[in-house]
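Here is the structure we will look at.
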Amino acid sequence: MSLNHIRPWRNIYRRKCRQIMVGNVPVGGDAPISVQTMTNTLTTDVAGTVAQIQAAAEAGADIVRVSVPDELSAKALKEIVRESPVPIVADIHFHYKRGIEAAEAGAACLRINPGNIGDERRVREVISAARDHGCSMRIGVNAGSLEKHLLDKYGEPCPDAMVESGLEHIRILQDNDFHEFKISVKASDVFMAAAAYQQLAEATDAPIHLGITEAGGLTSGTIKSAIGLGNLLWMGIGDTIRVSLSADPVEEVKVGYEILKSLGLRHRGVNIISCPSCARQGFDVIKTVEALEERLEHIKTPMSLSIIGCVVNGPGEALMTDVGFTGGGAGNGMVYLAGKQSHRMDNAQMIDHIVEQVEKRAAEIEAENAAQAAE
């Protein structure tokens, strides 16, 4: 929960729900909202898939999903799970036996699509395998693959049809005394997804997996996801998120964290506050920010950095950041530490100097956290 008693207009009250475990990652309840992504390598390419999982984990992914489309992929999954630094969700479509095989291979969670997994008998077999092997499950409803009887009933994909699909599948799991599940109702249409998630949030106490499916490329998909997921998270809906982009999975993780950071729901790494730049800038803001984003990727400690081109807003923004730099004249600018003016620095040395100051402040924060934990 994001609460601020001094600035109550920043408060977000998360929806209350049950908590489940995806491997060692808690989802729901009062657990932090976890960030997921999905590999896009061939699952049979174990080395390539593991490398992609490791890169995503390094970027901050809490959970990674891997598609299991065939028997060879299910066999490869066992080795992938063994080498993965984070819990693996097996993505299952069309063939229920892949779900059983994925559970046997050590997947932490099975994602099944009620629109194509098969009849209740087959679902029961997957449930039994999940229970036997300690897997949780995700009911993954997609607007693009709804069951025929729901399309016949409603005439087209819509929020009511998506939620009804999800609730029907919840009933099957609960009738089989299985409760370790979360649920999603994804659509590529932001309006449809948002409406379905709001309706779903009122209809179940299960943890909710948020996503705008098939959102598009890096730029367009980021915008659609930020609008859809951001508004739902702002309302307190959502316990784990996946940003779906036609891009490197690492980019999905980065965008997911930025959405959560902008709402104060998760904090990881350096939050750079920078201006768009204009003719008043005392240095090249755009190139500086690009360089700093790359140079500071290794910092995991939550902290803030302001990079502002001139004194119109620079000093004010620096008052609220751990480290700041405001452009001035004569080829130099002012460095701010903990919101206070500290010293001037030549633009030519500014990037190296800021990296040094950020690293120093990150070490201080970590030391302070360690001291508090030891008390």
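None of the values given here were measured: they were computed from a predicted structure. For this chain, numbers begin at 1 and follow the sequence in order.
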Over 12 foreign heavy atoms within 6.0 Å of [atom1], [X]:
X	atom1	answer
Glu294	CD	no
Arg280	CZ	no
Lys360	NZ	no
Lys261	NZ	yes
Leu42	CG	no
Ile286	CD1	no

| said: Is a donor from one side chain sitting under 3.5 angstrom from an acceptor on the other, for Thr37 and Glu252? | reply: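 Distance-only check passes for Thr37 and Glu252.
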
| Going by atom types alone, do Thr49 and Thr41 pair a side-chain donor with an acceptor below 3.5 Å? |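 Judged by distance alone, the side chains do pair up.
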
Are [X] and [Y] close enough that some pair of their side-chain heavy atoms sits under 4.5 Å apart?
X	Y	value
Arg242	Ser244	yes
Ile273	Met320	no
Ile53	Ile88	yes
Val123	His169	yes
Lys153	Glu164	yes
Asp239	Gln19	no
Lys300	Glu58	yes
Pro157	Leu151	yes

Is there a donor-acceptor contact under 3.5 Å from the side chain of [X] to the main chain of [Y]?
X	Y	result
His133	Cys135	no
Asn142	Ser145	no
Ser184	Lys186	no
Lys224	Ser188	yes
Tyr96	Glu125	no
Asn176	Phe178	no
Thr43	Ser67	yes
Ser225	Thr222	no
Gln52	Asn40	yes

Salt bridge check, [Y] against [X]: does any charged N sit closer than 4.0 Å to a carboxylate O?
X	Y	value
Glu368	Arg361	yes
Glu101	Arg98	yes
Arg266	Asp62	yes

How many angstroms lie between atom [atom1] of [X] and atom [atom2] of [Y], to the nearest 0.5 angstrom?
X	Y	atom1	atom2	answer
Asn24	Ile63	CG	CD1	9.0 Å
Gln199	Asp160	CD	CG	4.5 Å
Ile183	Ser165	CD1	OG	7.5 Å
Ile351	Thr288	CD1	OG1	4.5 Å
Asp248	Lys254	CG	NZ	8.0 Å
Ile112	Arg122	CD1	CZ	13.0 Å

| said: Go through it in stages, so that I can follow the logic: the residues are Ser34 and Thr240, the test is side chain to side chain donor-acceptor pair (under 3.5 Å), and I'd like the CA-CA distance, side-chain angles, deciding distance and then a yes or no. | reply: CA-CA 5 Å; Ser34 52; Thr240 184; 2.7 Å; yes

Are [Y] and [X] connected in a single hydrophobic cluster, I mean Ile/Leu/Val/Met/Phe/Trp/Tyr linked by side-chain heavy atoms less than 4.5 Å apart?
X	Y	value
Val243	Phe191	no
Ile172	Val185	yes
Met137	Met21	no
Met303	Leu260	no
Ile241	Met235	yes

Provide the closest heavy-atom pair for [X] versus [Y] in the form atom of the first, atom of the second, distance.
X	Y	value
Ala143	Ala187	CB-CB, 3.7 Å
Val81	Ala107	CG2-N, 4.1 Å
Ala61	Val86	O-CG1, 3.5 Å
Ser136	Val22	OG-CG2, 3.7 Å
Leu77	Ala90	CD2-CB, 4.1 Å
Gly99	Leu110	O-CD1, 3.6 Å

| request: Would you mind listing every ring pair (Phe, Tyr, Trp, His ring centres under 6.0 Å) that reaches into residues 290-335, with sequence neighbours excluded? | output: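 Sorted pair list: Phe283-Phe325.
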
| ring pair (Phe, Tyr, Trp, His ring centres under 6.0 Å) contacts in which one or both residues fall within residues 337-375, not counting sequence neighbours |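 Every ring pair (Phe, Tyr, Trp, His ring centres under 6.0 Å) pair that includes a residue of residues 337-375, provided the two are not neighbours, is His343-His353.
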
| said: Run the side chain to side chain contact (heavy atoms under 4.5 Å, CB included) test on Met38 and Arg111 for me, step by step, so that the C-alpha distance in whole Å, both residues' side-chain angles and the decisive distance to 0.1 Å come before the verdict. | reply: CA-CA 12 Å; Met38 185 173 181; Arg111 186 272 193 181; over 6 Å; no

| message | Between His179 and Gln174, does the side chain to side chain contact (heavy atoms under 4.5 Å, CB included) criterion hold? Intermediate values first, please. | response | CA-CA 6 Å; His179 307 281; Gln174 291 179 333; 3.9 Å; yes

| Partners of Glu202 by salt bridge (charged side-chain N to carboxylate O under 4.0 Å, His left out), sequence neighbours excluded? |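 With neighbours one apart ignored, the set is empty.
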
| query | Where do Arg295 and Glu359 land on the salt bridge (charged side-chain N to carboxylate O under 4.0 Å, His left out) test, with the steps shown first? | reply | CA-CA 10 Å; Arg295 293 278 299 274; Glu359 290 175 337; over 6 Å; no

| said: Between Val285 and Cys275, is the side chain to side chain contact (heavy atoms under 4.5 Å, CB included) condition met? List the steps. | reply: CA-CA 7 Å; Val285 173; Cys275 68; 4.0 Å; yes

| request: Mind running side chain to side chain contact (heavy atoms under 4.5 Å, CB included) on Tyr197 and Leu210 for me, showing each step along the way? | output: CA-CA 8 Å; Tyr197 274 117; Leu210 286 188; 3.6 Å; yes

